[in-house]
Each structure stands twice: as structure tokens, then as C-alpha cells.
Visitor: 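Take a look at this one; I'll ask things after.
Only this structure's heavy atoms are used, side chains among them; waters, hydrogens and symmetry mates stay out.
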Amino acid sequence: MTLENLVKQATSEEFNIPLEEIPRFDVQFTPDPALGDYAVPIGFALAKQLRMAPDEVTKRLAAKLNGPFAVDAVKGYLNFTMSDQWWLDALNRGFVRYPRLKGRVLIEFVSANPTGPVHIGHGRGAVVGSVLTSLFKKVFDTANSEFYVNDAGEQIRRFCQSVELRIRQLMGENLELPEDYYQGEYIIDIARWIVERYSWYELSDEERWRVLWNDAVSLMIEWHQASLHKIGVHIENWVSERDIRKQGWPERVVHLLKAKGLAYESDGAVWFKSTEFGDDKDRVLVKSNGEFTYYLVDVAYHLEKLENRGYDMVVNVWGADHIGHVARMDAALSALGHPEKLRVVLVQTVRFWREGKPVAMSKRKGEFLTLDELVEEIGKDAARLTFLTRSVDSTLDFDIEVAKKQAMENPVYYIQYAYVRAKNILSKENERTFGHSVQFGVEERALLRLLESFEERMKLAVRKMDPFLIQSYAWEMADAFHKFYQSQRVIGSEFENVRWLLVERFLETLGELLDLLGIEKLERM
RNA sequence: GCGCCCGUAGCUCAAUGGAUAGAGCGUCGGCCUCCGGAGCCGAAGGUUGGAGGUUCGAAUCCUCUCGGGCGCGCCA
């Protein structure tokens, strides 16, 4: 029986209270291992209900409770110190268990425009999205990752024009690059790639446009995939905006909204009454020139995910600068009969630093550090982990020089070092002849209860949709291990067998977290 | 002006409504005859921006207020 149920039952019997009238209480870890392992602050609420002092309540409960633990009443708290045998049983069971939730989930992230390389500004969203996907795959019936390719619209047109101009320059034409064209060097690379494969001047206008529209864009998408792979992000679905348009989803959205009386025409445009769903102003769906707004196409895309592919929940990892889209997207999906199926993870901005100076980023001038360059400089693991060192709600200062250093400032080494140390112990050849008795010390108990909280920590990470919580859990686990390692010997100890098992479980559990985080499990460093 | 995020140690950040608010960096002082010292231990450092409120209990929830960030297009 769980501690929670034991306490409930004891309370009911001791104070003659029906089970359903017992106030809610938590089972939590004590702030200090010296107080015990688990704490149940049940005395406070009951004290009021029973008109009794909190410590009187807990004292009576403590006297009544028995099980594989010692129990202490301190103020309103019941403090449980679990028996060594109880911990040994837990150790034998293992700790890696996930909460289970029903449903099919789709996580969309990065979705950088295919008009330029993935740059460091996309990095945080990419890593957050990929870790969320790994986690959700363990928790939900189905979870898939998706990259939405904005391969239609004005930006792509301008991109194609930029490539074309560079092609003509390569062919020897003397042309100026207009200011509002894409300036980056990579445009020249694409132009060169095309020139190497096609006899440009022999193509008709239509053929040229098709090459730009298809080949140049496909090449960008391939580059995106390659860049993301380098930082350990492998996105399953790449969905094209062109396909969403081709399949008539935008028209369907307009049709559905009109049928519900939620769309109207004004000033030659078609508007959605989003104000009826909490938005602060109505939104244009179809511009007066007949073109669809980006907003309409995005709504259409979400409708496609829900209705065509049958996802129960769609998660979007967006930069904080997309805050304005949340209300209107919610509004549209509610209007279309899918309320509360969209969850937006807003990831706050990252500021990149180098030796105390901000890293300049200007897309216009084509000056930006690409994700490739970052990964090349500091490595995949350091890049991934650094992006996860703050909760998604907090802005992140990413100092590239610090992340490159192999020092404690850099949590990736701290965590990996703990893993290596543990691995190293198990690599020793030895004969273990001692039995399975044990007395766990404070450091071991600290590590044990951290391991034991695996499922709960995962539950919290899912609820908050924040991979930062996995990173911080991994860090705490590494911390607990370093302390254990420092204070207790494994090999040659009186409790060698049990400690050996503890190290194995630690490796198994931390390894699971490293897998989720997409960080290498090093054996040596 | 409106909406969202953030104000916690010198700096960067943690903390399910619970006990004495914790880490890293920086500063000062210790620990390898010993499974890897990329580690560990200790010291110093706090009116959790401010004011009210809810609660047995608030960094956490509510109201107001002051600072900082982001966003408020028939752009994408």
C-alpha cells in the first residue's frame, strides 16, 4: 500500500472521519534527509478540522501507523524514514517508469522559413521540441514531430528572385543586388549548385522558375535537415504549405466559418469574428486582393492536423515573439469546433554572448551565426544542454565561450562526468562475495529518493511541457551521485553488492534522461 | 494604452502552497597512499522589486504598483 493510502486509512480510523472527508495532502520529500525520507504535512489541515493542535494530530497518527518505516511526528508533519529493506526493494524494482496518457499528439517546432539557413536563433526551439517529442513518445499513445515548411508566399518568391540574380551574376551578367533581396553567401552557393546542373540559358522562363521554385527550395530544406541532424534533432514529418493550399484547406476554413456565421466581408476582404472567441480584434482571412493571409493558411494547416490526421492535441513550440498569434489561433480552432486542442509552448528569447559582448544578428545583412557553426564550435552536447539550462519561460543568456569551456560552469560535463565515474566503477573486474545486507547512509538515501522520484518528475515535465525540468533533474542526479561517490566506496565495501546495484540503477536512470535529452552517454572523457 | 513572460545572494538562475529560500560562477579556506580531483567539504553572501489581500502556512495564488523583455499589420 502506498504511504498516501496508509495515512488516509489511519486518519480515518483514528479520528473517525469518512475517507472522502479527509483533506487533500501531499507526500513529499523532506527538505533535509536527516528528518527522514518522506514528509506528509497532514497535521495542519486536520488540526483545523478537528480543533486540535497539529502536533497532537500527527503524534496520534504516528503511534497508529506501522509499516516498513519509522515515523516521526514533527509539528504538522509525519516524517517517514523508510527501512533499508524498503529501499532495497525499490532498488531491485528499478526506477524508470513513465506516467501514461491517452491520445495522439503532434509537436511542431523550428519551422524556419526555407529562405535561409537554420541559425542559432532557432536552436532553442529545436532542442526544446525534440526533447518534448522524446518525452511524449514515452507518455502518450502516439507522439510525432513535425516541421512546417513555409514554401509558398512572398518570402519564397523573393528568395527565388535572389537566387536567380546570383545565377545571372555567375553567368557573367553585371547586376546589382537590390537591398531587399536575400544577401547571404548561401544564396550564391545555391546559384552555383544550379549552374553546375543546368544550362541556365537554354531553359525557358517557365523551366527556370520551376528549377528555382522546386530545386532551390528543396536544397534549402535538405540543408535544414542536415543542420538539425548535427544538433541531434530528427524531425519525422516535413509538411509543405504548398500541399496544405493544394488540398484546399484554406477554402475549407473560410467555408466552415461562413457556414457558422463567423465570417463576413468588409472592405473587400473576408474577416473572421475572432472577437467572439476572446481575440481583441477581428482578423482578415482573405485580403481584398484575393490572397489568403498567412493566418488563414496557418489555421488551415492546424485544421488539417486535427481533422485529416486525427491528432487529439497539437503542440506548437513558438518563439516568444509569436505571442500575438496564440489568442487568434485559439479563437479559430475554437470556432472550428476544436477548443483546447492547441497547446503553445512559448520559448523565450536567447541572447548570445561571446566574451561579454553580444553576438550581432542581422538577417537583412546576412550576418548571423548558423546553427552549424555553433555546433561545430562547441559540440552537439554542450549546445543542446545549454539551451536547456533555463525554463522555457525565462530568457536565456548563452555565452558561447563558457559553453565551450570544459569546466563546471558548463553543466554538460558535470552530468557526463558523473556518468563516466559510475561506468568506471562497473568496469572494474572483481569478485563480489558479500551478501545483500545493507545500511544506507545519507548520501545513498539522497540518491535513492532522487531516483525514486523519476516518474513524478516526468509527470511534472509533461504537465509543464518544459524540458528544462529533465535537464535539472539530470543535474541533481549527477550531483547526488558525485556526493555519494565522494563519501562511500563501492568496491571492497561491506555492502558492495547493494552499492554495485545502486550504481547500475543510477546509470540506467541517468542514461534514460540523457537519451531523452539527446546527450551522449560517454564511457570516458 | 492593451496582452503575455520575467524581477530571488555581487552575477546567472532553481525552488508541487509547507519546515532553516537552494545551486553554479565569483571571493576566502580545506580534501587525492584510496572505484578518474572535469570531483567533494566548509565560510561569507537574502526585507524573494514594493504595498495590500487569501491561507494554519506565500518566492509561489489574487489585487494594485514600480522596473525589464516580447508582441499588438489586409507582414510572414
Visitor: Report each atom pair, protein N/O against N/O of nucleotides 19-23 of chain B, whose distance is under 3.5 angstrom.
Guide:
unit_1 : atom_1 : unit_2  : atom_2 : d
B/A19  : O4'    : A/Tyr77 : OH     : 3.4
B/A19  : N6     : A/Asn79 : OD1    : 3.1
B/A19  : N1     : A/Asn79 : OD1    : 3.2
B/A19  : N1     : A/Asn79 : ND2    : 3.1

Visitor: Under a 4.0 Å N-O cut-off, is there an ion pair linking A/Lys59 with A/Glu56?
Guide: no

Visitor: Taking side chain to side chain donor-acceptor pair (under 3.5 Å) as the definition, give me every residue that meets it alongside A/Tyr419, ordered by chain and number, with sequence neighbours left out.
Guide: none

Visitor: How do A/Val490 and A/Ala45 order along RNA chain B: which one's closest nucleotide is nearer the 5' end?
Guide: A/Val490

Visitor: Figure out the CG/P separation between A/Asp26 and B/U16, and round it to whole Å.
Guide: 12 Å

Visitor: Please state how far atom CG in A/Asp466 lies from atom C1' in B/C5, giving the value in whole angstrom units.
Guide: 13 Å

Visitor: What distance, rounded to whole Å, do you find between the two P atoms, one in B/U55 and one in B/C13?
Guide: 35 Å

Visitor: What is the distance from CD1 of A/Ile323 to P of B/C70, rounded to the nearest Å?
Guide: 14 Å

Visitor: Look for any protein N or O under 3.5 Å of an N or O in nucleotides 10-12 of chain B and output each such pair with its distance, or none.
Guide:
unit_1 : atom_1 : unit_2   : atom_2 : d
B/U12  : O2'    : A/Arg390 : NH2    : 2.4

Visitor: Using a 4.0 Å heavy-atom cut-off across all strands, classify A/Val27 as base, sugar-phosphate, or nothing.
Guide: base

Visitor: Between B/C4, B/G39, B/C13, spot the one nearest the side chain of A/Ser394, thanks.
Guide: B/C13

Visitor: Salt bridge or not between A/Glu265 and A/Lys258? Use side-chain N to carboxylate O under 4.0 Å.
Guide: yes

Visitor: If the condition is side chain to side chain contact (heavy atoms under 4.5 Å, CB included), which residues does A/Asp267 pass it with, not counting sequence neighbours?
Guide: none

Visitor: Only pairs at least two apart or in different chains count here, so list each side-chain hydrogen bond (donor to acceptor under 3.5 Å, both in side chains) that has a residue in residues 379-394 of chain A.
Guide: A/Ser130-A/Arg384, A/Lys380-A/Glu520, A/Asp381-A/Gln416

Visitor: Can you tell me how far P in B/C66 sits from the matching atom in B/G73, rounded to whole Å?
Guide: 25 Å

Visitor: Find which nucleotide of RNA chain B each of A/Val420 and A/His482 is nearest to by heavy atoms, and output the residue with the more 5' nucleotide.
Guide: A/Val420

Visitor: Could you measure between the two P atoms, the one in B/U65 and the one in B/A9, and give it in whole Å?
Guide: 25 Å

Visitor: Using the C1' atom in both, what is the distance from B/G24 to B/C61, to the nearest Å?
Guide: 30 Å

Visitor: With syn defined as a glycosidic torsion within 90 degrees of 0 and anti otherwise, which applies to B/C32?
Guide: syn

Visitor: Between B/C34 atom P and A/Gln486 atom CD, what is the distance in whole Å?
Guide: 14 Å

Visitor: With sequence neighbours excluded, what pairs up with A/Phe147 under the ring pair (Phe, Tyr, Trp, His ring centres under 6.0 Å) test?
Guide: A/His224, A/Trp238

Visitor: State, yes or no, whether a side-chain contact exists between A/Gln471 and A/Leu385 at a heavy-atom distance under 4.5 Å.
Guide: yes

Visitor: Indicate, with a heavy-atom threshold strictly under 4.0 Å, whether A/Arg463 touches base, sugar-phosphate, or nothing.
Guide: nothing

Visitor: Nearest-Å distance, CD (A/Gln348) to C1' (B/C4)?
Guide: 8 Å

Visitor: Round to a whole Å and report the spacing from CG of A/Leu346 to P of B/C4.
Guide: 12 Å

Visitor: Under the side chain to side chain donor-acceptor pair (under 3.5 Å) test, which residues partner A/Asn5, sequence neighbours left out?
Guide: A/Thr2

Visitor: Take atom CD1 of A/Ile491 and atom C1' of B/C34, then tell me their distance rounded to the nearest Å.
Guide: 12 Å

Visitor: Quick one: salt bridge (charged side-chain N to carboxylate O under 4.0 Å, His left out) partners of A/Arg463, sequence neighbours excluded?
Guide: none

Visitor: Does any pair with a residue in residues 274-284 of chain A pass salt bridge (Lys or Arg N to Asp or Glu O under 4.0 Å), and if so which ones, sequence neighbours excluded?
Guide: A/Asp279-A/Arg283, A/Asp280-A/Arg283

Visitor: Say you pick atom C1' in B/G57 and the same atom in B/A21; how far apart are they, in whole Å?
Guide: 15 Å

Visitor: Rounding to the closest angstrom, what is the interatomic distance between B/A15 and B/G46 at atom C1'?
Guide: 15 Å

Visitor: Rounded to the nearest Å, what distance is computed from the CG atom of residue A/Leu522 to the C1' atom of nucleotide B/G39?
Guide: 16 Å

Visitor: Taking NZ, NE, NH1 and NH2 as the nitrogens, is one of them in A/Lys305 or A/Glu146 under 4.0 Å from a carboxylate oxygen of the other?
Guide: no

Visitor: Is the shortest side-chain heavy-atom distance between A/Phe292 and A/Val253 below 4.5 Å?
Guide: no

Visitor: Go through B/C35, B/C4, B/G69 for me and flag the one nearest to the A/Thr349 side chain.
Guide: B/G69

Visitor: Just grab all the salt bridge (Lys or Arg N to Asp or Glu O under 4.0 Å) pairs involving residues 440-458 of chain A, residues at least two apart or on different chains.
Guide: A/Asp37-A/Arg445, A/Asp84-A/Arg445, A/Glu444-A/Arg499, A/Arg457-A/Glu476

Visitor: Distance only, no hydrogens: is a donor on one side chain within 3.5 Å (strictly under) of an acceptor on the other, for A/His302 and A/Asn316?
Guide: yes

Visitor: Are the ring centres of A/Phe95 and A/Phe454 closer than 6.0 Å?
Guide: no

Visitor: When you look at A/Arg158 and A/Gln155, which way does the side chain to side chain donor-acceptor pair (under 3.5 Å) test go after all the steps?
Guide: CA-CA 5 Å; A/Arg158 181 50 45 88; A/Gln155 302 285 349; over 6 Å; no

Visitor: What integer number of Å spans the C1' atoms of B/C4 and B/G10?
Guide: 31 Å

Visitor: Would you classify A/Ser391 as touching base, sugar-phosphate or nothing, given that sugar-phosphate means primed atoms plus P, OP1 and OP2, and contacts are heavy atoms under 4.0 Å?
Guide: sugar-phosphate

Visitor: Identify all stems in which RNA chain B takes part, counting only runs of at least 3 consecutive pairs (Watson-Crick or G-U wobble, each distance under 3.5 Å), and give each as one range with another, ordered by first number.
Guide: B:1-7 with B:66-72, B:10-13 with B:22-25, B:27-31 with B:39-43, B:49-53 with B:61-65

Visitor: Assign A/Arg421 to base, sugar-phosphate, or nothing according to its heavy-atom contacts below 4.0 angstrom with the strands shown.
Guide: sugar-phosphate

Visitor: Determine the contact category for A/Gln488: base if any of its heavy atoms lies under 4.0 Å from a base atom, sugar-phosphate if only primed atoms, P, OP1 or OP2 are that close, otherwise nothing.
Guide: base

Visitor: Sticking with atom C1', work out how far B/G26 lies from B/A44, rounded to a whole angstrom.
Guide: 12 Å

Visitor: Considering just the side-chain nitrogens and oxygens of A/Tyr485, establish if one lies under 4.0 Å of OP1 or OP2 belonging to B/C34.
Guide: no

Visitor: Can you pull every protein N or O that's under 3.5 Å from an N or O on nucleotides 73-76 of chain B?
Guide:
unit_1 : atom_1 : unit_2   : atom_2 : d
B/G73  : OP2    : A/Lys281 : NZ     : 3.3
B/C74  : O2     : A/Ser288 : N      : 3.0
B/C74  : O2     : A/Ser288 : OG     : 3.0
B/C74  : N3     : A/Ser288 : OG     : 3.3
B/C74  : N4     : A/Asp267 : O      : 3.1
B/C75  : OP2    : A/Lys287 : NZ     : 3.1
B/A76  : OP1    : A/Lys287 : NZ     : 3.0
B/A76  : OP2    : A/Tyr294 : N      : 3.3
B/A76  : N6     : A/His325 : ND1    : 3.2
B/A76  : N6     : A/His325 : NE2    : 2.8
B/A76  : N1     : A/His325 : NE2    : 2.9

